[in-house]
Structures are given as C-alpha cells and as structure tokens.
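Every chain is numbered from 1, with letters handed out A, B, ... down the list of sequences.
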2 protein chains.
Amino acid sequence: MVHLLVTGGLGFLGLQTARHFLKVGRLWNPVLQMKAPLSKITLFDVGFPSEDLPSDVVEDERVRVVTGDLREPGVTDEIIDDPDTSVIHLASMVSGDTEAKPEDGWKVNVEGQRLLLDSLSKRAPGARFLFTSSTACLGPVADDSAAPDDYTKLLPQNTYGFHKAVCELMLNDYSRRGLVDGRALRLPVIVVRPGVPNAALTGAWSTVVREPLAGRPCAVPVPLDVRMPVASYQVVVRAMEVMLNDIDAGELGADRTLMLPSLSVSAQDLMDAARKLASEHSLPFAAVQEKVSPSAERVVRGMGSRTDGSRATMLGVVGDESADSIVLSYIHDYVLPGGVGGSKKLFGV
Amino acid sequence: MVHLLVTGGLGFLGLQTARHFLKVGRLWNPVLQMKAPLSKITLFDVGFPSEDLPSDVVEDERVRVVTGDLREPGVTDEIIDDPDTSVIHLASMVSGDTEAKPEDGWKVNVEGQRLLLDSLSKRAPGARFLFTSSTACLGPVADDSAAPDDYTKLLPQNTYGFHKAVCELMLNDYSRRGLVDGRALRLPVIVVRPGVPNAALTGAWSTVVREPLAGRPCAVPVPLDVRMPVASYQVVVRAMEVMLNDIDAGELGADRTLMLPSLSVSAQDLMDAARKLASEHSLPFAAVQEKVSPSAERVVRGMGSRTDGSRATMLGVVGDESADSIVLSYIHDYVLPGGVGGSKKLFGV
C-alpha cells in the first residue's frame, strides 16, 4: 500500500498526473523496496480551480483532495500522513508572477520545497520525491552552440529559473545526505495545453493548435517560425512514472535532475500538423494571426530552441515522436468524443 | 568618499582585506561612477576573535568595528549607513559546521546573504557587492577530465558547497534585476594560513609550511602527494581589489562569478619550497609526518586537483607564480621580522 502526494495537484498537470497513476495503479515503495498497489493519492493545492474537477479523478475512492498553504503550521504533517509516501512536487509560482514578486516567489518556490523536504524526511525517511524543474534554469543558449544537456551550467535569466535551479541543488543535497531519494525532471514547454489561453509567451505553442481546432480565430504575439523545446503532457506524465517507479537512485548519482527529452519545433510546425489532422478528421480549423510584439519576440528568441535529453533517454525516459504525434494525442484526449476531456468538465474544448 | 563594509571582517581574510584596501586607499563609487577616496571601512563580525586585533588595521581612523548578528532586526541598516557603500561578504559558516548543522548553515549562508542584499539594494541601490564563493561548489572532478572552469556545471558534494552555489545564483539574479552590482570570486584552498592548525582537511596545505618553519614538528592526515588548487591570501586580496575597482559589470555579463586562478600543488610541493627557503634564510625546519586517515584521504582525493581561471585572468585577475612565490610571501609577512604578522598580535608565529 503506497501513498502518492501531488502538490499543485488541482492544476492541469496535477490532474493529468493523478489520472495516469490511478491507471498505472502501483508505485515504488522505498520501505519495501518494491512496487506496491497505490492505495491513496492526495491532491494538494492552494485552492479549487474555477472549473469543475474531472469526475474520473476526484470520484476515485483512492483520491483525497486537500487545499491549504504549505507554509502554514501542520499542513505538511497533514498531507504526509503515511510512512509509505512518495511526492510529486508540482506546486510553484509561475514565471511571470515570480518575476513580479520575487520575494513571494522565494517563499513559495524555495522555502516551500524546503519545508516539504524537511517534513518528508522526518515522516517518511528516504521517500522518493519528484520535482518538476524547468528549462528556464538554463539561461540563454546561442542557436549555433551545442544543445544544453545534463552537464550544462545553469545560468537562469529570470527569477523563476533561479528558484528552480536552487530547488535542483537542494534536492541533490537532501539526497546526498540520505534524507530523501530526490529526483527532478527539467521540463521544456508543455503542449498542447487545453483550456483558455494564458498569458505565458510560450502559451503560443499551444494556442495555435487548440484555438483553430475549436473553431476560434486567434492571434499570437510571437513569430510562428521561432523554435522551442517542447514536450507533450502525455510524455511528461509517463516520464514521471519512469522516474518514480523504474529508475534506481544509483543511476542518477550526484545529479538528481534529468532533462526531459524534447522536440525542437516552431508554432508553425504544430499548426501545420493540426491543420493536416483537422482535414483528416473533418474538424474545423480557424485562422491564426501573427501579431508580433518586439519584446515578446526578443524573449522567446533568447530562450534557446533545443535541449539534449540523452541522459534521460539512456535511463528509459521516452520523448515525443513528432509534432504530428503530439497534436494527434491532444486531439484524442480533448477534441474527439470519448477523450479525457470529453466530459468537458475540466479543460475541455 | 566611499565606504567599504567587510562581513566576517575580523577573521584572517577579513583583516588582510581591510589592510590591503587601507593601503590602496580608494574604491569604485557606483554613484559617481569613478574611484574615490576610501573614507570608512566597517569590519563586521559575529564577535571578537580571541587574539588581539592588529593595531595597524584597527587603529586606522577610517576603520570601524561592529559585532552582531546580521539576522537581528536593524543590524544591516546599522552597517549599511551610507549610500556610497560597497560590500565584501566573507561571513559564512565554515564547511564542517555547515555539514554538521545544515539548517543553521542555510540561515547564515543563504538567508544571511539575502538579508544583506535586500538591505543594500534599498539603502545603496546598484552598489558593488563581492561574495567569496568556493570551489566546493564544483563537486567531484576526475583528474583525467578537463579542469573545471567558469562554464562547468556546479554539483556540490557538501552542504557548504550547495549554499555557496545558491549564493552565486542569487547574486546573478539580484544583479540581473539591477538591485546590486554583484560579483563573486570562487576561491580554492587559501595558503599559507598563519595561526594555529584548524580542523579543515585542506588545512594540511598550510600546516606543512607554517609548523616546520615555526620549529614545531607536526602530522597531517592526508597524503603529501595529493594535489589541490591553491592560491595565496595575497593573491586573493589583490583579486578582490580588481573585482571591486577595475572590472566593469558588462564584462561579467550574466555570470557574476569568476573562478580565481589557482595553482595545482601538493602539500609536498609547498613543504619542499618551504624547506629550501628555510635553508636560504637560516630558519628552523621541523619534521612533518604523514598520518593518513583513509576517510580524509578519500575526501581530498575526491575534491579535484585543478581549476581553470582563464576568464578571471582575461579580466585582469592575477594568480600566483609558483609554490616558491607563495611560501616566500608568507615568510615575508609572518616569519621574518617586519612583516604584517611581525607584531605577533594576530596570527603571528
């Protein structure tokens, strides 16, 4: 019997993660040193989203939902209530908010993880703890240089990336001291995000697929030809399973963070794949307009277009095949009837 | 008129730094954008050392000594009492203590710097802030791989190195946001330390020079043939002057830390140089014994024997010439009459 705690558990990625692990049904138990049936998932978040929660997840009897603030006394003890706990730590202030309020960001992103690790190491010593880091750690990458990999020095160019880099170092240290068995996945831009467009510049890589397929014309503030490292949410949740269930701590050594394998694609690439699939499935496809903001263009062009996830690949983490496969799996989940988003209750189209 | 605040100012390196800047007599003023006469040095530390303070430093009318705890309310405001302040931040829990008390280490090493930066950015916006980092950030380095340089990923193998790495990232972020003009020097093993032997394993590289020259037989817990990256304290204080007075922020770019140029030498190399100079200056030279502890040997052999300081060199930071030059400058300062340690008041032989 094993307990999985997912922080940020009521966000898009948190719910996808829960759905995936409910289906997988088992989790590595560090006490027993074997995989055991997953008996409980705690979805922890600061509050409920405005959309309804998806019934297939929250009505599963193994799922418990808890809301609160990690930094309030007693909260970490309430959610880590089992010595057989593993953690997927997704909770974080997003990049724009962190840049605007760096002191709050430090408290949520850095001190939040520290409190969680301290509590976990006391209540479930040696537990596996998976943190989602970000390619924002990497900093600027010239397109003619080698793609950054697991040996690249981190030079974050925003406060969010700085905090994520600190969290990676913190995980290495807690793991070295034997307090937790930490792991981190450094995520690229996640596509295709369902739901409503958000303010993130990298949201454009989702917008150009989601909006036209929903028959809604849209505009994006970045040029369609800029390439970014991207991965589908399906690849991310499967990678989390591999990280928690299949990779031995010894294989990670002193550096607990793996760069998730990514594809280097432009918004145009994704839009072209979506247009082709729309035609094959007789779906609508509305117009997308480039309304380039010079500052937005400068930011995304400075982010680096590729990453090298070969260490993760070597350890069994599988990336996406192509822009086509990414769009097709989104269509299956959120556009065609019968997908996970078919209930239209959460993040449906 | 410029004010220099030195935290950890009553330690060995702090007093050497103060002595050097009193002699140089001027400091870059970010408000005036020029070098200006140094009007005040504040030496801040947690308490007074057990030895007398050196009179040439503390009796200089420009020097103010303040003791206290950075984290007490009002303390940073008391010591940053001038908009023309620059800071050399040496205060830190040492490596062994940090490993033994990681939570205290986080408060002193990480939160301490954060408080100092927040206060400085409010009271002296854009001030230059020099932090002494450590090669403990680097982590293990195989001797057949390239020497780590300013592009090497940081993989600290102890909590002290983890905290120093976080402080480096923090300085980059505060500098990027324009709050301070941060700089850091990543220091190798500093030799030859005067005074009494300390518990640090890397202290052996000083012990084998200092003790025999003082006529005191001694034993060291590490093999004499292990090489480490070392620099003299004279090179360190001159590098601090170059960092604060001569290097433009634009030359540092997004990465504010420079690896100090170092020499890769064994304790044997330093001892041989000292024996030769002892004979030339008719000084005593007592016996040194190897009493190797297997755990100590493992630690120092895992630390990496070299660093590549070529970015610092390119920016005008000068390293040591040779083991001979390091030992000779120590002898001039602390063994022969008339040196800075000649008063025998502090750290004298």
Backbone N/O of D150(A) and side chain of K153(B): donor-acceptor pair under 3.5 Å:
yes

Salt-bridge present (R114(B), E103(A); N to O < 4.0 Å):
no

So ring pair (Phe, Tyr, Trp, His ring centres under 6.0 Å) across residues 100-129 of chain A, not counting sequence neighbours, yields H89(A)-F129(A), W106(A)-F162(A), W106(A)-H163(A)

Most contact-rich option vs chain B, by heavy-atom pairs under 4.5 angstrom, among N158(A), L154(A), N172(A), V110(A), is N158(A)

Is the closest side-chain heavy-atom distance between L169(A) and L169(B) below 4.5 Å?
yes

Side chain / backbone / both / neither for D255(B) at chain A, heavy atoms under 4.5 Å:
both

Counting only non-hydrogen atoms closer than 4.5 Å, does Q157(B) touch chain A with its backbone (N, CA, C, O), its side chain (CB onward), both, or neither?
both

What is the minimum heavy-atom distance between T159(B) and R176(A), and which atoms define it?
OG1-NH2, 2.9 Å

Return the CG to OG1 distance between L155(A) and T257(B), rounded to the nearest 0.5 Å.
9.0 Å

